[in-house]
Amino acid sequence: MLEDIQQLVLWAIPAAPLLSAIVTALLGKKVLKGRSHLPCWSALAVSFVCSLVLLFGVLPGINGTGNGYARESIVFGFEWLHVGTLEIPLQLRADSMSAIMLAMVTGVSFLVSLFGSGYMHHDPGYPRFFAAVSMFVFSMCMLVLSNNFAQLFVFWEMVGLCSYLLIGFWFHKPSAAAAAKKAFVVNRIGDFGLIMGIFLIWTNFGSIDFLHVLSSQEVISHVHTKSPHVIPLICFCLFLGAMGKSAQFPLQVWLPDAMEGPTPVSALIHAATMVTAGVYLVARCTPLFVMAPNVQMFVTAIGAATAVIAALTALTQTDLKRVLAYSTVSQLGFMFMALGCGAAGTELVTPAVTAGMFHLFTHAYFKALLFLAAGSVMHAMGDIIDMRRFSGLKHALPITHWTFLVGAAALAGVPLLAGFWSKDDILAVLYEASHSKEHGLFFGTILVIACATALLTAFYTFRAYFMTFWGPERFPEEAGDHPHEATPIMAWPLRILAVCAALIGLAVGPTHLFASYLHKTVGLTAPEAHGLHWNIMALSTVIGMAGIGFAWMFYVASPGIPVAIAKAMKPLYLVSQGKFFLDEILFVLVVLPLRGIALIATLVDRFLIDGLIDSVGALPGMLSGYLKRLQSGLVTSYAGVMWLGAVVVVVIALILT
């Protein structure tokens with residue numbers, strides 16, 4: 001009976017949004033129309049409740065003995081594909097890491113869907129929007145619940161497909177269509193690495209099941225002893241997939257352009273679903289990455305480079321959503337900085353994964369809040385999101401103002417808010433890694449970069465806040481004379497997310513509830529009891545307050561300072577404003593060579609291959625032409641041919657004799 005309940009809870013989490021997507025796609029345009037949000041609301045509410053049951057009720061009650069699986073995990077499914085020695089079951093696997101992810105994904109997605117019903121209410125594609133959102137959440141849930149790498153890859157691609165549909169939702173806009181294609185194509189680069197990693201896992205482990213590959217240290221050690229280069233290569237390929245999905249340098253160029261989609265889509269992609277998949281993949285594969293310390297250091301280095309480049313780019317952007325987009329890229333870099341700290345010593349593996357996943361968890365709430373608040377601003381400003389065209393909105397949009405302020409403070413690391421605790425955990429694990437004998441200098445350098453990036457984060461976040469909500473009250477023409485505050489269906493998700501951004505880190509961070517729950521995942525050990533890192537907390541507080549103070553000085557007290565700095569440092573300003581010209585560099589290094597190869601292939605196909613095929617096809621016509629000349633109908637011609645044939649036969653006979 002208990003197993004039936006567990007199975008029902010587990011399957012209901014992805015099944016509800018899948019059913020919603022099917023119903024809305026079939027009935028939305030003709031039947032549901034303006035009520036197309038109802039199936040999505042209902043499905044995501046069911047998924048969220050079931051995720052909470054899984055988180056608090058099902059998993060803690062499993063002793064994990066007798067089933068051969070990892071501690072506190074459950075697996076249900078059936079055989080999906082069997083080809084030769086390759087067996088791919090369709091299974092749902094839940095452990096502590098997937099339970100945390102599911103609660104976050106479904107909870108934030110539900111609030112985004114509530115907001116979206118108000119934001120998208122008058123859009124003609126209303127049913128299509130909620131069908132795509134439901135399919136998006138289904139794909140992400142199945143990705144998190146996957147029990148093998150093949151199933152994970154299938155839904156990894158499904159998430160990518162759904163993101164393409166949502167980013168390009170307003171496909172009549174050339175910029176939206178281009179952004180959707182860009183996201184899809186750039187992610188294919190990373191996905192090539194992921195699928196190569198899966199092939200390597202299958203050929204070396206003889207299985208792609210998480211149980212076989214990740215749960216047995218003996219199996220991993222045997223593969224590593226037999227071929228020492230294989231596991232580092234596997235980890236590098238898996239991380240290449242994570243770089244694409246989680247927008248890490250140099251594959252981060254697609255994420256800021258994804259802002260062309262509706263704002264609720266931005267909140268989904270940046271907070272709860274797609275971009276967190278790469279972090280989840282690396283954290284899930286911790287038992288493999290432990291055997292590849294050099295790859296772990298590469299993960300940390302890429303995370304640091306991504307974080308600082310994105311932060312420097314955000315300093316000069318004037319599009320409010322793009323500032324938040326670059327903030328997402330930067331915060332993902334922080335998560336990867338933490339995940340690679342296991343290279344400094346096995347005792348840091350669990351704290352490193354815990355810090356990265358904790359920041360992923362808290363980031364989902366305050367970044368969803370910031371994006372939805374930006375959507376409220378955009379909705380009130382007549383779809384204008386350029387911060388140079390409005391200011392002083394705190395009186396016209398009071399709810400949006402205070403909720404955005406809470407999200408900005410959490411992102412900046414203001415003490416006691418969610419981002420403060422999770423970012424401090426990352427800085428703390430980097431600090432511990434910097435004291436290692438072998439890699440201390442490397443991680444010490446990364447720690448300095450992380451602190452500098454934290455300062456930039458506080459500065460550009462409150463730059464956006466002050467430019468939007470402070471100063472003289474000024475509205476664009478598109479907003480009319482009296483901009484309206486968010487409607488109740490849009491305001492309540494903002495309030496709920498603001499409460500989460502304020503309190504959720506305090507509730508599970510210093511109490512060690514998050515770490516105690518997460519450590520039951522395969523590859524992690526029980527966390528050691530330790531006090532708070534007061535030195536790191538003090539440093540983080542000073543950094544955050546300094547960043548906010550500089551933003552206030554530059555954009556409230558003395559607004560002329562940024563203009564003077566931009567003139568004095570014009571080359572650097574243009575580099576930041578031009579997004580480090582990464583799009584142009586990738587165009588020259590990747591797009592142009594590929595276009596050249598495509599052109600050569602086109603010419604070879606058109607003039608060589610087509611020419612040969614056309615020539616072969618023309619031969620019967622040529623032969624038939626000659627035969628038609630022989631079929632003239634003249635008896636004398638036929639007689640001449642017969643005579644010629646007789647002469648040939650006689651000559652051949654004479655030669656042979």
Side-chain angles (χ1 to χ4, degrees), residues 17-18 20-22 24-26 28-29 36-37 40 109 112-113 115-117 119-140 143 154-191 244-247 251-278 319-322 324-326 328-329 368 371-372 374-375 378-379 383-385 579 582-583 586-587 590-591 594-595:
L18 175 61
S20 167
I22 295 172
T24 308
L26 294 177
K29 191 172 182 179
S36 296
H37 57 273
C40 184
S109 297
V112 170
S113 71
F115 184 93
S117 63
Y119 189 89
M120 301 292 294
H121 185 67
H122 299 293
D123 195 283
Y126 194 72
R128 177 165 54 89
F129 174 80
F130 282 100
V133 167
S134 298
M135 184 58 69
F136 200 1
V137 178
F138 159 73
S139 302
M140 189 64 191
L143 186 156
V154 169
F155 291 101
W156 184 278
E157 294 300 306
M158 280 288 293
V159 169
L161 173 62
C162 294
S163 69
Y164 170 80
L165 297 175
L166 287 169
I167 294 170
F169 179 78
W170 290 317
F171 54 85
H172 55 276
K173 290 172 54 180
S175 57
K181 286 189 291 184
K182 186 176 183 180
F184 193 80
V185 171
V186 172
N187 271 274
R188 299 291 73 72
I189 299 173
D191 292 352
K245 196 68 75 180
S246 292
L251 301 181
Q252 82 273 33
V253 291
W254 69 269
L255 193 53
D257 288 351
M259 297 303 95
E260 293 293 336
T263 299
V265 172
S266 303
L268 273 180
I269 292 176
H270 285 253
T273 52
M274 184 171 174
V275 295
T276 62
D319 183 308
L320 178 57
K321 286 175 63 177
R322 282 186 179 269
L324 299 178
Y326 280 107
T328 298
V329 175
F371 268 110
L372 295 186
M378 190 174 180
H379 199 257
D383 292 335
I384 300 299
I385 200 64
K579 300 169 286 187
L582 289 174
D583 284 294
L586 289 177
F587 182 81
V590 178
V591 177
L594 290 177
R595 285 186 177 178

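Just so you know, residue 1 is the first one in the sequence shown, and it goes up from there.
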Would you compute the distance between atom [atom1] of [X] and atom [atom2] of [Y] and round it to the nearest 0.5 angstrom?
X	Y	atom1	atom2	value
Lys182	Leu586	NZ	CG	8.0 Å
Leu268	Ser163	CG	OG	11.0 Å
Trp156	Met140	CH2	CE	8.5 Å
Asn187	Leu255	CG	CG	9.5 Å

Short question: side chain of [X], backbone of [Y] - any donor-acceptor pair under 3.5 Å?
X	Y	value
Lys245	Ala277	no
Ser20	Cys40	yes
Ser134	Leu18	no
Trp254	Gly244	yes

Under 3.5 Å, sequence neighbours excluded: what are the donor-acceptor pairs made by side chains of residues 173-181?
residue : atom : partner : partner atom : Å
Ser175  : OG   : Glu260  : OE1          : 3.0

Heavy-atom side-chain contact between [X] and [Y] under 4.5 Å:
X	Y	answer
Met135	Leu161	no
Pro262	Met120	yes
Leu582	Gln252	yes
Arg322	Asp257	yes

[X] versus [Y], closest heavy-atom pair with distance:
X	Y	answer
Ala131	Ala21	O-CB, 3.6 Å
Val329	Ala247	CG1-O, 3.6 Å
Phe371	Met259	CE2-SD, 3.5 Å
Phe184	Gly160	CD1-O, 4.2 Å
Leu372	Pro264	CD2-CA, 4.3 Å
Ile385	Ala374	CD1-O, 3.7 Å

With under 30° as parallel and over 60° as perpendicular, where do the rings of His379 and Tyr119 fit, or are they tilted in between?
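Judged by the thresholds at 30° and 60°, the geometry between His379 and Tyr119 is tilted.
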Step by step, would you call Val133 with Ser109 a side-chain contact (heavy atoms from CB on, under 4.5 Å)?
CA-CA 9 Å; Val133 167; Ser109 297; 6.0 Å; no
Once side chain to side chain donor-acceptor pair (under 3.5 Å) is applied, do any residues pair with Asp383, and if so which ones, sequence neighbours excluded?
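Scan of Asp383 (side chain to side chain donor-acceptor pair (under 3.5 Å), adjacent residues dropped) gives none.
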Please name all residues satisfying side chain to side chain donor-acceptor pair (under 3.5 Å) with Asp319, sequence neighbours left out, ordered by chain then number.
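Per chain and number, Asp319 pairs via side chain to side chain donor-acceptor pair (under 3.5 Å) with no residue.
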Check this for me, if you would: do Glu157 and Arg188 make a salt bridge, where the nitrogen-to-carboxylate-oxygen distance has to be below 4.0 angstrom?
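Yes, this pair counts.
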Which residue, Tyr164, Phe130, Phe136, Phe129, forms the ring pair (Phe, Tyr, Trp, His ring centres under 6.0 Å) with Phe169?
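Between Phe169 and the candidates, ring pair (Phe, Tyr, Trp, His ring centres under 6.0 Å) is satisfied uniquely by Phe129.
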Working note: Leu143 + Met158, criterion side-chain contact (heavy atoms from CB on, under 4.5 Å); need CA distance, chi angles, decisive distance, verdict.
CA-CA 9 Å; Leu143 186 156; Met158 280 288 293; over 6 Å; no
